[in-house]
Amino acid sequence: MTSIRGRLLAILLLATGLIWLAAVVWTQHSTRREVIHVLDRRLQESAQMVASLVGEGGLAADAAASAMVQRHADVDGFALRHQLSCQIWGLDGELISESQGAPNGTLGGSREGFSETRIDGEHWRVYTLVDPEHGFRVMVGDAQAMRDHLVHGVTVGLMVPMLLVLPILAGLIWWTVGRGLRPVDRLGAALSARDASDLSPIGTDGAPRELHPMISSLNGLLRRVGQARDRERSFTAFAAHELKTPLAGLKTQAEVARMAPDDSTRDNALDQMAEGVRRTDRMVKQLLEMTAVEHGVSAEPAARQDGALLLERVASDLTQLASARGVSIRTEAPRGLWSTASATLLQAALRNLIENAVQASRPGGAVEVALSQEDGQARFRVADRGPGIAEADRPHVLDRFYRSAGAAAGGSGLGLSIVAAAVERMGGALRLAPREGGGEVAELILPAE
(Lines give C-alpha, C1' and ligand atoms only; values in the text may rest on other atoms or scores of the structure.)
Protein backbone atom coordinates (compact mmCIF):
# COMPACT_ATOMS: atom_id res chain seq x y z
CA MET A 1 0.00 0.00 0.00
CA THR A 2 1.63 3.24 -1.20
CA SER A 3 -0.98 5.71 0.13
CA ILE A 4 -0.21 7.21 3.53
CA ARG A 5 -3.91 7.97 3.97
CA GLY A 6 -4.87 4.39 3.17
CA ARG A 7 -2.11 3.03 5.38
CA LEU A 8 -3.16 5.17 8.34
CA LEU A 9 -6.81 4.22 7.85
CA ALA A 10 -5.92 0.53 7.67
CA ILE A 11 -3.70 0.70 10.77
CA LEU A 12 -6.22 2.67 12.83
CA LEU A 13 -9.17 0.53 11.75
CA LEU A 14 -7.19 -2.65 12.43
CA ALA A 15 -6.11 -1.39 15.84
CA THR A 16 -9.68 -0.31 16.65
CA GLY A 17 -11.02 -3.67 15.46
CA LEU A 18 -8.52 -5.57 17.59
CA ILE A 19 -9.37 -3.47 20.64
CA TRP A 20 -13.08 -3.96 19.97
CA LEU A 21 -12.61 -7.72 19.55
CA ALA A 22 -10.64 -7.87 22.80
CA ALA A 23 -13.45 -5.92 24.49
CA VAL A 24 -16.01 -8.38 23.10
CA VAL A 25 -14.05 -11.39 24.37
CA TRP A 26 -13.49 -9.79 27.75
CA THR A 27 -17.15 -8.69 28.03
CA GLN A 28 -18.41 -12.12 27.11
CA HIS A 29 -16.06 -13.80 29.57
CA SER A 30 -16.89 -11.33 32.34
CA THR A 31 -20.62 -11.51 31.65
CA ARG A 32 -20.60 -15.30 31.63
CA ARG A 33 -18.71 -15.37 34.89
CA GLU A 34 -21.06 -12.88 36.57
CA VAL A 35 -24.23 -14.52 35.22
CA ILE A 36 -23.08 -17.98 36.31
CA HIS A 37 -22.25 -16.59 39.73
CA VAL A 38 -25.75 -15.05 40.02
CA LEU A 39 -27.44 -18.26 38.81
CA ASP A 40 -25.42 -20.36 41.21
CA ARG A 41 -26.45 -18.07 44.07
CA ARG A 42 -30.05 -18.45 42.92
CA LEU A 43 -29.76 -22.25 43.03
CA GLN A 44 -28.25 -22.07 46.49
CA GLU A 45 -30.92 -19.69 47.79
CA SER A 46 -33.68 -21.76 46.20
CA ALA A 47 -32.46 -24.91 47.89
CA GLN A 48 -32.22 -23.11 51.24
CA MET A 49 -35.75 -21.73 50.81
CA VAL A 50 -37.21 -25.15 50.06
CA ALA A 51 -35.40 -26.64 53.02
CA SER A 52 -36.69 -23.92 55.33
CA LEU A 53 -40.28 -24.36 54.05
CA VAL A 54 -40.19 -28.10 54.52
CA GLY A 55 -38.14 -28.26 57.72
CA GLU A 56 -39.27 -25.30 59.78
CA GLY A 57 -42.56 -24.17 58.27
CA GLY A 58 -43.99 -27.62 58.08
CA LEU A 59 -45.10 -27.09 54.48
CA ALA A 60 -45.60 -30.20 52.45
CA ALA A 61 -42.76 -31.10 50.15
CA ASP A 62 -44.91 -30.89 47.01
CA ALA A 63 -46.21 -27.44 47.94
CA ALA A 64 -42.72 -26.21 48.84
CA ALA A 65 -41.26 -27.31 45.51
CA SER A 66 -44.10 -25.74 43.53
CA ALA A 67 -43.95 -22.48 45.51
CA MET A 68 -40.21 -22.22 44.91
CA VAL A 69 -40.55 -22.65 41.20
CA GLN A 70 -43.51 -20.25 40.89
CA ARG A 71 -41.84 -17.55 42.99
CA HIS A 72 -38.56 -17.57 41.06
CA ALA A 73 -40.35 -17.61 37.72
CA ASP A 74 -42.23 -14.47 38.64
CA VAL A 75 -39.26 -12.66 40.15
CA ASP A 76 -36.67 -13.49 37.50
CA GLY A 77 -38.82 -12.46 34.58
CA PHE A 78 -36.86 -14.73 32.21
CA ALA A 79 -39.59 -17.31 31.64
CA LEU A 80 -37.74 -19.80 33.82
CA ARG A 81 -40.82 -21.53 35.14
CA HIS A 82 -39.91 -24.83 33.50
CA GLN A 83 -36.14 -24.31 33.53
CA LEU A 84 -35.58 -24.41 37.31
CA SER A 85 -36.24 -27.90 38.70
CA CYS A 86 -36.35 -29.15 42.27
CA GLN A 87 -36.23 -32.62 43.83
CA ILE A 88 -36.56 -33.57 47.49
CA TRP A 89 -35.02 -36.90 48.42
CA GLY A 90 -34.94 -38.72 51.67
CA LEU A 91 -31.63 -39.66 53.16
CA ASP A 92 -32.61 -43.27 52.52
CA GLY A 93 -32.59 -42.55 48.76
CA GLU A 94 -36.35 -42.33 48.30
CA LEU A 95 -37.80 -39.51 46.17
CA ILE A 96 -40.11 -37.47 48.40
CA SER A 97 -41.26 -34.86 45.89
CA GLU A 98 -40.24 -32.98 42.76
CA SER A 99 -41.31 -29.90 40.84
CA GLN A 100 -43.28 -30.00 37.62
CA GLY A 101 -41.03 -30.56 34.62
CA ALA A 102 -38.17 -32.03 36.67
CA PRO A 103 -36.10 -34.55 34.69
CA ASN A 104 -36.33 -38.26 35.16
CA GLY A 105 -33.50 -39.33 37.39
CA THR A 106 -31.53 -37.89 40.24
CA LEU A 107 -30.50 -34.28 39.70
CA GLY A 108 -27.45 -34.28 41.96
CA GLY A 109 -25.22 -36.46 44.07
CA SER A 110 -25.32 -37.32 47.72
CA ARG A 111 -22.75 -34.69 48.72
CA GLU A 112 -23.76 -31.17 49.60
CA GLY A 113 -22.73 -28.40 47.22
CA PHE A 114 -22.60 -27.76 43.50
CA SER A 115 -22.30 -30.53 40.95
CA GLU A 116 -22.94 -31.14 37.28
CA THR A 117 -24.79 -34.06 35.76
CA ARG A 118 -26.18 -35.24 32.44
CA ILE A 119 -29.76 -36.54 32.27
CA ASP A 120 -31.34 -37.73 29.02
CA GLY A 121 -28.56 -36.05 27.03
CA GLU A 122 -29.03 -32.68 28.73
CA HIS A 123 -26.44 -31.03 30.93
CA TRP A 124 -27.58 -29.73 34.35
CA ARG A 125 -26.03 -27.53 37.01
CA VAL A 126 -27.27 -28.63 40.46
CA TYR A 127 -26.97 -27.45 44.06
CA THR A 128 -27.59 -30.08 46.77
CA LEU A 129 -28.53 -29.14 50.34
CA VAL A 130 -28.54 -31.91 53.00
CA ASP A 131 -30.73 -31.49 56.10
CA PRO A 132 -29.71 -34.39 58.41
CA GLU A 133 -31.92 -33.07 61.21
CA HIS A 134 -35.13 -33.52 59.24
CA GLY A 135 -33.82 -36.37 57.11
CA PHE A 136 -34.09 -35.05 53.56
CA ARG A 137 -31.93 -33.77 50.76
CA VAL A 138 -32.95 -30.86 48.49
CA MET A 139 -31.63 -30.72 44.93
CA VAL A 140 -32.23 -27.62 42.79
CA GLY A 141 -30.86 -27.35 39.26
CA ASP A 142 -31.20 -25.62 35.91
CA ALA A 143 -30.28 -26.70 32.41
CA GLN A 144 -26.96 -25.51 31.01
CA ALA A 145 -28.70 -24.65 27.73
CA MET A 146 -30.80 -22.12 29.61
CA ARG A 147 -27.67 -20.61 31.10
CA ASP A 148 -25.97 -20.37 27.72
CA HIS A 149 -29.06 -18.75 26.24
CA LEU A 150 -29.15 -16.21 29.03
CA VAL A 151 -25.43 -15.39 28.71
CA HIS A 152 -25.81 -15.04 24.94
CA GLY A 153 -28.76 -12.70 25.35
CA VAL A 154 -26.94 -10.49 27.81
CA THR A 155 -23.79 -10.43 25.63
CA VAL A 156 -25.74 -9.55 22.49
CA GLY A 157 -27.50 -6.81 24.41
CA LEU A 158 -24.14 -5.31 25.28
CA MET A 159 -22.55 -5.82 21.85
CA VAL A 160 -25.30 -4.38 19.65
CA PRO A 161 -24.60 -0.76 20.75
CA MET A 162 -20.90 -1.31 20.15
CA LEU A 163 -21.58 -2.63 16.64
CA LEU A 164 -23.72 0.41 15.91
CA VAL A 165 -20.87 2.67 17.04
CA LEU A 166 -18.27 1.02 14.77
CA PRO A 167 -19.37 2.73 11.49
CA ILE A 168 -19.46 6.06 13.28
CA LEU A 169 -15.98 5.41 14.68
CA ALA A 170 -14.69 4.44 11.21
CA GLY A 171 -16.09 7.66 9.79
CA LEU A 172 -14.46 9.70 12.53
CA ILE A 173 -11.12 7.98 11.86
CA TRP A 174 -11.41 8.70 8.14
CA TRP A 175 -12.27 12.35 8.79
CA THR A 176 -9.46 12.71 11.36
CA VAL A 177 -6.85 11.19 9.05
CA GLY A 178 -7.97 13.48 6.24
CA ARG A 179 -7.72 16.52 8.49
CA GLY A 180 -4.30 15.41 9.73
CA LEU A 181 -2.94 15.04 6.19
CA ARG A 182 -4.19 18.40 4.94
CA PRO A 183 -0.80 20.09 5.60
CA VAL A 184 0.84 17.49 3.33
CA ASP A 185 -1.75 18.17 0.64
CA ARG A 186 -1.17 21.91 0.97
CA LEU A 187 2.60 21.41 0.69
CA GLY A 188 2.13 19.30 -2.45
CA ALA A 189 -0.21 21.88 -3.97
CA ALA A 190 2.28 24.67 -3.21
CA LEU A 191 5.10 22.74 -4.90
CA SER A 192 2.93 21.91 -7.91
CA ALA A 193 2.02 25.57 -8.35
CA ARG A 194 5.67 26.66 -8.36
CA ASP A 195 7.41 27.72 -11.52
CA ALA A 196 10.24 25.45 -12.63
CA SER A 197 12.71 28.30 -12.23
CA ASP A 198 11.61 29.11 -8.67
CA LEU A 199 14.17 27.44 -6.39
CA SER A 200 13.59 29.66 -3.36
CA PRO A 201 13.31 27.90 0.04
CA ILE A 202 9.95 26.67 1.27
CA GLY A 203 8.73 28.48 4.37
CA THR A 204 7.95 26.55 7.57
CA ASP A 205 5.54 29.12 9.01
CA GLY A 206 2.33 27.40 9.98
CA ALA A 207 3.64 23.96 8.97
CA PRO A 208 3.29 21.13 11.52
CA ARG A 209 6.46 20.17 13.35
CA GLU A 210 6.39 16.71 11.73
CA LEU A 211 6.80 18.29 8.28
CA HIS A 212 9.83 20.39 9.23
CA PRO A 213 12.40 17.60 8.46
CA MET A 214 10.84 17.02 5.01
CA ILE A 215 10.69 20.75 4.28
CA SER A 216 14.30 21.10 5.40
CA SER A 217 15.33 18.25 3.10
CA LEU A 218 13.39 19.79 0.19
CA ASN A 219 15.07 23.14 0.81
CA GLY A 220 18.45 21.40 0.79
CA LEU A 221 17.56 19.73 -2.50
CA LEU A 222 16.41 23.03 -4.00
CA ARG A 223 19.65 24.65 -2.85
CA ARG A 224 21.75 21.92 -4.45
CA VAL A 225 19.71 22.09 -7.66
CA GLY A 226 20.23 25.86 -7.73
CA GLN A 227 23.95 25.45 -7.22
CA ALA A 228 24.11 22.83 -9.98
CA ARG A 229 22.13 25.09 -12.29
CA ASP A 230 24.47 27.99 -11.56
CA ARG A 231 27.48 25.77 -12.21
CA GLU A 232 26.03 24.60 -15.51
CA ARG A 233 25.30 28.17 -16.57
CA SER A 234 28.78 29.34 -15.69
CA PHE A 235 30.24 26.23 -17.32
CA THR A 236 28.34 26.93 -20.53
CA ALA A 237 29.30 30.60 -20.50
CA PHE A 238 32.98 29.88 -19.88
CA ALA A 239 33.05 27.09 -22.47
CA ALA A 240 31.46 29.36 -25.08
CA HIS A 241 33.93 32.11 -24.28
CA GLU A 242 36.95 29.80 -24.36
CA LEU A 243 35.89 28.21 -27.63
CA LYS A 244 35.14 31.57 -29.19
CA THR A 245 38.76 32.75 -28.90
CA PRO A 246 40.47 29.91 -30.83
CA LEU A 247 37.67 29.82 -33.40
CA ALA A 248 38.10 33.54 -34.01
CA GLY A 249 41.85 32.95 -34.36
CA LEU A 250 41.24 30.15 -36.84
CA LYS A 251 39.01 32.41 -38.90
CA THR A 252 41.62 35.16 -38.87
CA GLN A 253 44.48 32.85 -39.81
CA ALA A 254 42.38 31.33 -42.60
CA GLU A 255 41.88 34.81 -44.06
CA VAL A 256 45.60 35.49 -43.71
CA ALA A 257 46.47 32.23 -45.47
CA ARG A 258 44.02 32.97 -48.27
CA MET A 259 45.42 36.45 -48.85
CA ALA A 260 49.10 35.61 -48.14
CA PRO A 261 51.47 37.30 -50.62
CA ASP A 262 54.10 34.58 -50.26
CA ASP A 263 54.63 31.00 -49.11
CA SER A 264 56.31 32.01 -45.84
CA THR A 265 53.30 34.03 -44.67
CA ARG A 266 50.94 31.27 -45.77
CA ASP A 267 52.93 28.58 -43.95
CA ASN A 268 53.02 30.65 -40.78
CA ALA A 269 49.25 31.14 -40.95
CA LEU A 270 48.72 27.42 -41.47
CA ASP A 271 50.95 26.67 -38.46
CA GLN A 272 48.85 29.03 -36.35
CA MET A 273 45.72 27.35 -37.62
CA ALA A 274 47.11 23.93 -36.67
CA GLU A 275 47.93 25.20 -33.17
CA GLY A 276 44.44 26.65 -32.84
CA VAL A 277 42.90 23.38 -33.93
CA ARG A 278 45.05 21.53 -31.40
CA ARG A 279 44.00 23.87 -28.58
CA THR A 280 40.33 23.63 -29.59
CA ASP A 281 40.55 19.86 -29.82
CA ARG A 282 42.14 19.67 -26.37
CA MET A 283 39.48 21.92 -24.88
CA VAL A 284 36.61 19.94 -26.44
CA LYS A 285 38.11 16.72 -25.11
CA GLN A 286 38.43 18.23 -21.65
CA LEU A 287 34.86 19.49 -21.74
CA LEU A 288 33.62 16.02 -22.69
CA GLU A 289 35.87 14.52 -20.05
CA MET A 290 34.52 16.89 -17.40
CA THR A 291 30.94 15.94 -18.32
CA ALA A 292 31.74 12.23 -18.18
CA VAL A 293 33.51 12.54 -14.82
CA GLU A 294 30.84 14.66 -13.14
CA HIS A 295 27.84 12.72 -14.41
CA GLY A 296 29.31 9.25 -14.39
CA VAL A 297 28.87 8.79 -18.15
CA SER A 298 31.45 6.06 -18.60
CA ALA A 299 31.52 2.51 -19.78
CA GLU A 300 33.45 0.88 -16.94
CA PRO A 301 34.70 -2.64 -17.66
CA ALA A 302 33.37 -5.43 -15.52
CA ALA A 303 36.89 -6.64 -14.66
CA ARG A 304 39.31 -4.72 -12.48
CA GLN A 305 42.40 -3.26 -14.10
CA ASP A 306 45.91 -2.93 -12.77
CA GLY A 307 46.77 0.63 -11.73
CA ALA A 308 50.35 0.37 -13.06
CA LEU A 309 49.16 -0.66 -16.51
CA LEU A 310 46.71 2.25 -16.62
CA LEU A 311 49.49 4.66 -15.64
CA GLU A 312 51.82 3.28 -18.29
CA ARG A 313 49.09 3.55 -20.91
CA VAL A 314 48.42 7.21 -20.11
CA ALA A 315 52.15 8.05 -20.07
CA SER A 316 52.59 6.32 -23.44
CA ASP A 317 49.70 8.33 -24.96
CA LEU A 318 51.37 11.58 -23.85
CA THR A 319 54.85 10.68 -25.06
CA GLN A 320 54.39 12.48 -28.38
CA LEU A 321 53.26 15.68 -26.64
CA ALA A 322 56.20 15.47 -24.25
CA SER A 323 58.68 14.91 -27.08
CA ALA A 324 57.33 17.90 -28.99
CA ARG A 325 58.07 20.05 -25.94
CA GLY A 326 61.44 18.45 -25.28
CA VAL A 327 60.26 16.84 -22.05
CA SER A 328 60.67 13.22 -20.94
CA ILE A 329 58.28 11.14 -18.83
CA ARG A 330 59.82 8.76 -16.31
CA THR A 331 57.52 6.08 -14.94
CA GLU A 332 58.02 3.90 -11.86
CA ALA A 333 54.98 1.70 -11.26
CA PRO A 334 55.28 -1.91 -9.98
CA ARG A 335 52.61 -4.07 -11.54
CA GLY A 336 50.13 -5.98 -9.39
CA LEU A 337 50.40 -3.45 -6.59
CA TRP A 338 46.88 -2.03 -6.84
CA SER A 339 43.86 -2.44 -9.11
CA THR A 340 40.64 -0.55 -9.72
CA ALA A 341 37.25 -0.97 -11.34
CA SER A 342 37.08 2.78 -12.14
CA ALA A 343 39.54 2.78 -15.02
CA THR A 344 37.89 5.64 -16.93
CA LEU A 345 37.94 7.99 -13.95
CA LEU A 346 41.52 7.13 -13.05
CA GLN A 347 42.75 7.58 -16.61
CA ALA A 348 41.05 10.98 -16.86
CA ALA A 349 42.72 12.13 -13.64
CA LEU A 350 46.17 10.83 -14.58
CA ARG A 351 46.01 12.18 -18.13
CA ASN A 352 45.23 15.72 -16.98
CA LEU A 353 47.82 15.67 -14.20
CA ILE A 354 50.62 14.41 -16.45
CA GLU A 355 49.60 16.71 -19.31
CA ASN A 356 49.65 19.73 -16.97
CA ALA A 357 53.07 18.68 -15.70
CA VAL A 358 54.38 18.35 -19.29
CA GLN A 359 52.95 21.75 -20.22
CA ALA A 360 54.55 23.34 -17.15
CA SER A 361 58.00 21.74 -17.66
CA ARG A 362 60.82 23.52 -19.43
CA PRO A 363 62.53 21.94 -22.45
CA GLY A 364 64.99 19.33 -21.31
CA GLY A 365 63.06 18.70 -18.10
CA ALA A 366 61.49 15.46 -16.92
CA VAL A 367 58.12 14.55 -15.44
CA GLU A 368 58.42 11.82 -12.81
CA VAL A 369 55.41 9.56 -12.38
CA ALA A 370 55.26 6.85 -9.69
CA LEU A 371 52.81 4.45 -8.06
CA SER A 372 53.23 3.25 -4.48
CA GLN A 373 51.07 1.74 -1.78
CA GLU A 374 50.77 2.74 1.87
CA ASP A 375 48.28 1.27 4.38
CA GLY A 376 46.34 -0.28 1.52
CA GLN A 377 45.96 3.08 -0.22
CA ALA A 378 47.31 3.73 -3.71
CA ARG A 379 49.43 6.87 -4.19
CA PHE A 380 49.98 8.18 -7.72
CA ARG A 381 52.70 10.83 -7.63
CA VAL A 382 53.34 13.28 -10.52
CA ALA A 383 56.27 15.66 -10.07
CA ASP A 384 57.69 18.32 -12.41
CA ARG A 385 60.36 21.07 -12.37
CA GLY A 386 58.15 23.82 -13.70
CA PRO A 387 57.41 27.17 -12.06
CA GLY A 388 54.95 25.58 -9.62
CA ILE A 389 51.75 27.14 -8.30
CA ALA A 390 51.89 30.57 -6.68
CA GLU A 391 50.55 30.73 -3.13
CA ALA A 392 47.95 33.30 -4.17
CA ASP A 393 46.62 30.91 -6.80
CA ARG A 394 46.40 27.74 -4.66
CA PRO A 395 42.87 28.40 -3.29
CA HIS A 396 41.55 28.73 -6.87
CA VAL A 397 43.49 26.20 -8.96
CA LEU A 398 40.69 23.61 -8.72
CA ASP A 399 38.07 26.05 -10.02
CA ARG A 400 36.89 25.59 -13.58
CA PHE A 401 38.58 27.73 -16.23
CA TYR A 402 40.89 29.31 -13.66
CA ARG A 403 44.33 30.07 -15.08
CA SER A 404 47.06 31.63 -13.01
CA ALA A 405 49.27 34.40 -14.34
CA GLY A 406 52.22 32.02 -14.72
CA ALA A 407 50.29 29.19 -16.34
CA ALA A 408 51.50 27.70 -19.59
CA ALA A 409 50.02 29.18 -22.73
CA GLY A 410 47.24 27.26 -24.41
CA GLY A 411 45.72 25.90 -21.24
CA SER A 412 41.98 25.89 -20.64
CA GLY A 413 41.89 25.92 -16.85
CA LEU A 414 39.94 22.64 -16.75
CA GLY A 415 42.66 20.08 -16.05
CA LEU A 416 42.85 20.21 -12.25
CA SER A 417 39.07 20.59 -11.88
CA ILE A 418 38.68 17.34 -13.89
CA VAL A 419 41.21 15.64 -11.64
CA ALA A 420 39.43 16.83 -8.49
CA ALA A 421 36.02 15.66 -9.75
CA ALA A 422 37.34 12.23 -10.80
CA VAL A 423 39.14 11.66 -7.50
CA GLU A 424 36.06 12.71 -5.53
CA ARG A 425 33.93 10.17 -7.39
CA MET A 426 36.52 7.50 -6.61
CA GLY A 427 36.45 8.38 -2.91
CA GLY A 428 40.03 9.60 -2.85
CA ALA A 429 41.88 12.87 -2.38
CA LEU A 430 44.10 15.19 -4.44
CA ARG A 431 47.10 16.86 -2.81
CA LEU A 432 49.15 19.62 -4.39
CA ALA A 433 52.40 20.80 -2.82
CA PRO A 434 55.55 22.68 -3.87
CA ARG A 435 58.46 20.41 -4.81
CA GLU A 436 61.73 20.86 -3.02
CA GLY A 437 64.17 22.46 -5.39
CA GLY A 438 61.40 23.93 -7.56
CA GLY A 439 58.35 22.61 -9.35
CA GLU A 440 55.14 20.99 -8.15
CA VAL A 441 54.13 17.59 -6.76
CA ALA A 442 50.62 16.27 -7.27
CA GLU A 443 49.43 13.15 -5.42
CA LEU A 444 46.32 11.08 -6.03
CA ILE A 445 45.48 9.12 -2.87
CA LEU A 446 42.91 6.42 -3.59
CA PRO A 447 41.38 3.96 -1.11
CA ALA A 448 41.99 0.27 -1.22
CA GLU A 449 39.42 -1.52 -3.41
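Just so you know, these numbers use all the heavy atoms, side chains as well, and skip hydrogens, waters and symmetry mates.
- Of the charged side-chain nitrogens involved, at least one lies within less than 4.0 Å of a carboxylate oxygen, so that Glu391 and Arg394 count as a salt-bridged pair.
- Other residues, nucleotides and ligands place more than 12 heavy atoms under 6.0 Å from the CZ atom of Arg194.
- A salt bridge is absent between Glu443 and Arg381: the closest approach of a Lys/Arg side-chain nitrogen to an acidic carboxylate oxygen does not fall below 4.0 angstrom.
- Applying the 6.0 Å contact sphere to CD of Gln377 captures more than 12 heavy atoms from other residues, nucleotides or ligands.
- Here the CG-CZ distance, from Leu430 to Phe380, works out to 13.0 Å after rounding to the nearest 0.5 Å.
- Looking at Arg385 and Glu368, no side-chain N of the basic residue comes within less than 4.0 Å of a carboxylate O on the acidic one, giving no salt bridge.
- Once rounded to the nearest 0.5 Å, the distance linking CG of Asp317 with CG of Leu321 reads 11.0 Å.
- For Asp375, the CG atom sits in a loose shell: 12 or fewer heavy atoms of surrounding residues, nucleotides or ligands are nearer than 6.0 Å.
- Here the shortest heavy-atom pairing between Ile215 and Gly203 reads CD1-O, 4.2 Å.
- Expressed to the nearest 0.5 Å, how far CZ of Arg41 lies from OG of Ser46 amounts to 11.0 Å.
- Atom CD in Gln144 sits 12.5 Å away from atom OG1 in Thr117 (nearest 0.5 Å).
- For Glu424, the CD atom is loosely surrounded, since the number of other residues' heavy atoms within 6.0 Å does not exceed 12.
- Between the side chain of Thr16 and the backbone N or O of Leu12 there is at least one donor-acceptor pair closer than 3.5 Å.
- To the nearest 0.5 Å, atoms CH2 (Trp124) and CE (Met146) are separated by 8.5 Å.
- Remark: Asp40 engages Arg147 in a salt bridge, criterion side-chain N to carboxylate O under 4.0 Å.
- Contact annotation: the side chain of Leu129 approaches that of Tyr127 to within less than 4.5 Å [non-hydrogen atoms, C-beta and beyond].
- The main-chain N or O of Ser342 is found under 3.5 Å from a side-chain atom of Thr340 such that the two form a donor-acceptor pair.
- Taking 4.0 Å as the cut-off between side-chain N and carboxylate O, Glu116 and Arg125 count as a salt-bridged pair.
- Here the CG atom belonging to Leu43 is positioned 11.0 Å from the CD atom belonging to Gln48, to the nearest 0.5 angstrom.
- What you find for Leu311 and Ala333 is that their closest heavy atoms are CD2-CB, 3.8 Å.
- Glu122 and Arg118 are not joined by a salt bridge, as no carboxylate oxygen comes within less than 4.0 angstrom of a charged side-chain nitrogen.
- Atom NE2 of His123 has more than 12 neighbouring heavy atoms from other residues, nucleotides or ligands inside a 6.0 Å radius.
- Asp262 and Ser264 form no side-chain donor-acceptor contact under 3.5 Å, judged by distance and modelled atom types alone.
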